[in-house]
Amino acid sequence: MRKLWMMGLLGLGGCGFGTEGGFIDGRDLDLCFDTIPVCSTTAGCRLGGDTYIETSFPGTVDFIVPAPAEAEIEVSIFFREARAVGFDTQILFNEPGCFEVYEWVPPRNDIFDLAGNDRTLRIQQQVFFDGEHLVRVTSDAIAEVLIKADVERGGGR
């Protein structure tokens with residue numbers, strides 16, 4: 001069964017569907033090793049259109065997404081290698097200053113299934129204030145992942 005799944009992914013690779021290259025789409029790798037003060041912690045980098053990060057789960061990654069007021073932040077996680085689904089995944093989106101936090105938890109535990117055939121989990125959250133938004137992704141799944149963030153300006157809806 002696993003062999004058929006891998007063959008299916010290889011077949012999709014020629015189309016750019018579900019491939020790592022399609023996910024990255026001209027972005028630059030950010031090693032995310034900075035120590036940017038935000039709220040009462042630090043973030044490793046800023047994401048938002050031009051960059052992506054590589055990391056592994058289980059673990060936690062903190063990054064900043066600059067966004068204007070009334071914007072929508074989309075965090076996308078590409079599962080390069082998915083080994084074990086885990087039981088606890090969450091994404092926290094903070095308003096600037098961290099006075100308000102929005103939590104996303106999967107509606108069911110299988111985040112790999114939620115990612116679908118293109119192996120990409122996309123989570124959107126509206127923010128209401130202009131500034132630097134701390135985003136924290138935490139998961140006990142066992143996986144190698146790429147993460148990117150995009151911002152849709154307010155008033156687009």
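Since the structure is predicted, the reported quantities are computational estimates derived from the model, not experimental observations.
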- [ ] Apply side chain to side chain contact (heavy atoms under 4.5 Å, CB included) to T60 and V137, showing your working.
- [x] CA-CA 6 Å; T60 298; V137 179; over 6 Å; no
Open item on the list: Under a 3.5 Å distance rule, please check whether E54 uses its side chain to pair with a backbone N or O of L31 as donor and acceptor.
Closed with: no
Open item on the list: Do the side chains of R122 and D150 get close enough for a salt bridge, i.e. N-O under 4.0 angstrom?
Closed with: no
Open item on the list: Is there a continuous path of hydrophobic side-chain contacts, each under 4.5 Å between heavy atoms, that joins W104 to L47?
Closed with: yes
Task: side chain to side chain contact (heavy atoms under 4.5 Å, CB included) evaluation trace for D113 with R108 - done: CA-CA 9 Å; D113 184 53; R108 57 187 188 277; 2.8 Å; yes
Task: Audit row: T55, I147, side chain to side chain contact (heavy atoms under 4.5 Å, CB included) steps and yes/no - done: CA-CA 8 Å; T55 193; I147 301 174; 3.9 Å; yes
Open item on the list: Assigning hydrophobic clusters by single linkage (Ile, Leu, Val, Met, Phe, Trp, Tyr; side-chain heavy-atom cutoff under 4.5 Å), is V75 placed with F57?
Closed with: yes
Task: Main-chain N/O of T51 paired with K148 side-chain donor or acceptor, under 3.5 Å - done: no
Task: Any P96 side-chain heavy atom under 4.5 Å of D130 side chain - done: no
- [ ] Drop me the distance from D118's CG to T19's OG1, to the nearest 0.5 angstrom.
- [x] 9.5 Å
Open item on the list: Between R153 and P68, is there a side-chain heavy-atom distance shorter than 4.5 Å?
Closed with: yes
- [ ] For residues A82 and A143, report the shortest heavy-atom separation together with the two atoms involved.
- [x] CA-CB, 4.2 Å
Open item on the list: Using the rule that Ile, Leu, Val, Met, Phe, Trp and Tyr join whenever any side-chain heavy atoms are under 4.5 Å apart, tell me whether Y52 and V145 fall into a single cluster.
Closed with: no
Task: Heavy atoms of other groups near D34 CG, more than 12 under 6.0 Å - done: yes
Task: For the student: nearest non-hydrogen atoms of I53 and C45, plus distance - done: CG2-SG, 3.7 Å
Task: ILVMFWY cluster, L134 and V101 together (side-chain gap under 4.5 Å) - done: no
Task: For the student: nearest non-hydrogen atoms of I64 and A43, plus distance - done: CG1-CB, 3.7 Å
Task: Heavy-atom check, side chain of F93 versus side chain of E103, under 4.5 Å - done: no
TODO: Determine, for R46 against E132, whether the closest basic-nitrogen to carboxylate-oxygen distance falls under 4.0 angstrom.
DONE: yes
- [ ] Verify whether one side chain among Q126 and E72 offers a donor that lies under 3.5 Å from an acceptor in the other.
- [x] no
TODO: Heavy atoms only: give me the nearest V151-P66 pair and the separation to one decimal.
DONE: CG2-O, 3.6 Å
- [ ] With the side chain counted from C-beta on, respond yes when V135 and N94 share a heavy-atom pair under 4.5 Å apart, and no when they do not.
- [x] no
Task: Path from I91 to F79 over hydrophobic side-chain contacts below 4.5 Å - done: yes
- [ ] Verify, without hydrogens or angle tests, whether D140 (side chain) and F87 (backbone) share a donor-acceptor contact under 3.5 angstrom.
- [x] yes
Open item on the list: Regarding S139 and T89, do their side chains bring together a donor and an acceptor under 3.5 Å, going by distance alone?
Closed with: yes
- [ ] Determine the minimum heavy-atom distance between A149 and V65, stating which atoms define it.
- [x] CB-CG2, 3.7 Å
Task: From CZ (R136) to CZ (F63), nearest 0.5 Å - done: 11.0 Å
TODO: Using the side chain to side chain contact (heavy atoms under 4.5 Å, CB included) rule, take L146 and E20 through it: C-alpha gap first, then chi angles, then the decisive distance, then the call.
DONE: CA-CA 8 Å; L146 307 178; E20 187 172 319; 3.4 Å; yes
Task: Point-to-point distance, once rounded to the nearest 0.5 Å, from CG of D62 to OG1 of T138 - done: 7.0 Å
Open item on the list: Within the 4.5 Å heavy-atom criterion, are R83 and E81 side-chain neighbours or not?
Closed with: yes
